[in-house]
Enquirer: 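I have a structure here, written as structure tokens, and I will follow up with some questions on it.
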Amino acid sequence: MDNVLIAEDEDRMRKLIVAYLKKEGYYIFEASDGAEAIEVFNNNDIDIVILDVMMPLIDGFGVLKYIRKKSNVPVIMLTAKEEDDDKLQGLNYGADKYLTKPISPKVLMAEVNSIKNRGYEKKEVVKNQDKVLEFGSIKIDLESHTVIIDGNEVYFSLTEFNLLVYLIRNKGILLTREKILAAIWGMDFDGDERVVDTNIKRIRRKISDKNNYIYTIRGIGYKFENKVV
């Protein structure tokens with residue numbers, strides 16, 4: 001059973017989401033403000049986080065930044081704002097999905113189940129492949145979902161992790177944004193393709209001096225390779 005943390009200050013919305021999640025078989029932890037969300041996250045083994053942006057004490061972005069310092073657990077952000085800048089801010093902080101209110105609980109459940117299923121699909125793939133993936137100073141443990149760079153563990157969100165693995169497994173191949181979207185977000189993804197650029201930017205930042213591994217092919221996409229002689 002997966003443990004889901006729901007951080008939402010609007011009682012009616014939170015209770016509605018809780019009811020749907022329980023019906024799907026999830027075990028629920030609740031928080032009505034950002035400080036409580038951090039406390040619950042620290043004291044429990046959380047598998048998925050549903051995080052409202054506008055919360056008392058500490059807003060959703062602050063909670064997300066805290067979580068990303070400790071874990072790559074999948075995070076779905078909820079907000080009443082529709083501005084692209086707010087969505088990009090959430091993605092820049094490491095959110096895996098950004099949904100605008102009002103949202104149907106059924107749609108939210110579909111997103112939660114999708115994230116859960118992607119994790120299961122990844123585990124099935126790992127069974128038939130090497131458990132450790134290495135490229136230069138980057139070492140990825142596919143079972144524990146950890147990334148080691150120059151001997152130090154660096155936290156990646158689920159989306160960042162999957163994208164980095166995808167890039168390395170396709171090293172030397174020109175990958176269009178459309179191909180990356182289909183592979184990581186799914187064929188039915190209807191969001192902005194800039195989400196690819198946003199996640200590539202975050203990965204470059206996290207692999208620091210290994211930035212030259214990811215090459216931008218202007219107007220087309222990206223290629224992952226080591227050109228250092």
Side-chain angles (χ1 to χ4, degrees), residues 1-82 86-87 89-124 143-146 155-162 184-186 188-191 195:
M1 179 181 295
D2 291 273
N3 296 332
V4 180
L5 167 60
I6 302 172
E8 164 67 67
D9 66 321
E10 186 181 336
D11 289 342
R12 181 178 175 277
M13 173 62 73
R14 191 177 67 255
K15 298 302 181 185
L16 186 60
I17 295 173
V18 167
Y20 270 85
L21 279 167
K22 284 185 175 179
K23 191 179 297 184
E24 291 286 329
Y26 293 96
Y27 189 85
I28 309 303
F29 294 87
E30 298 181 50
S32 58
D33 61 63
E36 185 180 13
I38 289 176
E39 181 180 0
V40 172
F41 185 84
N42 282 335
N43 294 329
N44 298 278
D45 184 16
I46 303 299
D47 299 300
I48 300 173
V49 177
I50 299 174
L51 187 60
D52 185 37
V53 171
M54 302 300 293
M55 289 190 297
L57 302 182
I58 303 174
D59 67 15
F61 294 133
V63 176
L64 177 59
K65 287 170 69 176
Y66 178 86
I67 289 175
R68 281 293 168 257
K69 292 178 181 178
K70 292 176 163 290
S71 171
N72 64 355
V73 62
V75 175
I76 298 175
M77 300 288 289
L78 303 179
T79 181
K81 296 182 178 181
E82 296 185 359
D86 291 307
K87 294 181 180 180
Q89 183 178 3
L91 294 171
N92 279 329
Y93 285 154
D96 295 280
K97 194 74 177 181
Y98 198 100
L99 302 177
T100 303
K101 296 179 180 178
I103 182 171
S104 162
K106 291 183 179 180
V107 172
L108 178 57
M109 292 310 98
E111 295 292 352
V112 171
N113 288 330
S114 175
I115 284 179
K116 172 185 173 182
N117 291 335
R118 285 206 303 270
Y120 287 161
E121 288 170 4
K122 186 171 185 60
K123 289 177 183 177
E124 291 301 318
E143 279 200 327
S144 64
H145 282 209
T146 55
Y155 287 107
F156 281 69
S157 71
L158 177 62
T159 299
E160 294 166 356
F161 182 90
N162 290 342
I184 305 302
W185 284 269
D188 58 347
F189 179 75
D190 59 357
V195 69

Enquirer: Are the side chain of Asn162 and the backbone N or O of Ile184 linked by a donor-acceptor pair below 3.5 Å?
Expert: no
Enquirer: When rounded to the nearest 0.5 angstrom, what is the spacing between CD1 in Ile46 and CG in Leu5?
Expert: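 One finds 5.0 Å between CD1 of Ile46 and CG of Leu5.
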Enquirer: Any chance you could lay out the side chain to side chain contact (heavy atoms under 4.5 Å, CB included) test for Val53 and Phe61, step after step, and finish with the verdict?
Expert: CA-CA 6 Å; Val53 171; Phe61 294 133; 3.8 Å; yes
Enquirer: Under the side-chain hydrogen bond (donor to acceptor under 3.5 Å, both in side chains) test, which residues partner Asn44, sequence neighbours left out?
Expert: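 Checked Asn44 against side-chain hydrogen bond (donor to acceptor under 3.5 Å, both in side chains); zero matches.
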Enquirer: I want to check something: taking the side chain as every heavy atom from C-beta on, are Met55 and Glu8 in contact at a cut-off of under 4.5 Å?
Expert: no
Enquirer: What heavy-atom pair brings Leu64 and Ala95 nearest, and what distance separates the two atoms?
Expert: CD2-N, 3.7 Å
Enquirer: Test: salt bridge (charged side-chain N to carboxylate O under 4.0 Å, His left out). Region: residues 33-43. Which pairs qualify, not counting sequence neighbours?
Expert: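 Every pair satisfying salt bridge (charged side-chain N to carboxylate O under 4.0 Å, His left out) with a residue in residues 33-43: there are none.
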Enquirer: CZ of Phe161 to NE2 of His145: how many Å apart, nearest 0.5 Å?
Expert: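 One finds 5.0 Å between CZ of Phe161 and NE2 of His145.
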Enquirer: Taking C-beta and beyond as the side chain, do Val112 and Ile48 meet within less than 4.5 Å on heavy atoms?
Expert: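 In short, these two side chains touch, coming nearer than 4.5 Å.
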Enquirer: Name every donor-acceptor pair, under 3.5 Å, that has one atom in a side chain of residues 16-23 and the other anywhere in the protein, sequence neighbours excluded.
Expert:
none

Enquirer: Would a 4.5 Å heavy-atom cut-off, applied to side chains only, mark Arg68 and Val73 as touching?
Expert: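 A side-chain contact under 4.5 Å exists here.
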Enquirer: Taking atom CD1 of Ile76 and atom OH of Tyr98, what is their separation to the nearest 0.5 Å?
Expert: 13.5 Å
Enquirer: Given side chains that start at C-beta, do those of Asn3 and Phe29 come closer than 4.5 Å, heavy atoms only?
Expert: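 Yes, their side chains come closer than 4.5 Å.
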Enquirer: Just checking, any donor-acceptor pair under 3.5 angstrom between side chains of Tyr66 and Asn42?
Expert: yes
Enquirer: Kindly give the heavy-atom pair with the smallest separation between Leu51 and Ala7, and that separation in Å.
Expert: CD1-CB, 3.6 Å
Enquirer: Is Lys106 paired with Glu111 through a side-chain N to carboxylate O contact shorter than 4.0 Å?
Expert: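 Salt bridge flag = no for Lys106 with Glu111.
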Enquirer: Atom CD of Glu24 and atom CG of Asn113: how far apart are they, to the nearest 0.5 Å?
Expert: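 The CD atom of Glu24 sits 5.0 Å away from the CG atom of Asn113.
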Enquirer: Hey, are Asp96 and Thr159 close enough side-chain-wise for a donor-acceptor pair under 3.5 Å?
Expert: yes
Enquirer: Would you say the side chain of Tyr27 lies within less than 4.5 Å of the side chain of Val4, judging by non-hydrogen atoms?
Expert: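 A side-chain contact under 4.5 Å is absent here.
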Enquirer: Between CG of Leu108 and CE of Met13, what distance do you get to the nearest 0.5 Å?
Expert: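 That separation rounds to 8.5 Å.
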Enquirer: Mind checking the CG-CG spacing from Asp9 to Leu57? Nearest 0.5 Å is all I need.
Expert: 10.0 Å
Enquirer: Hey, does Met77 have a side-chain heavy atom less than 4.5 Å from the side chain of Leu99?
Expert: no
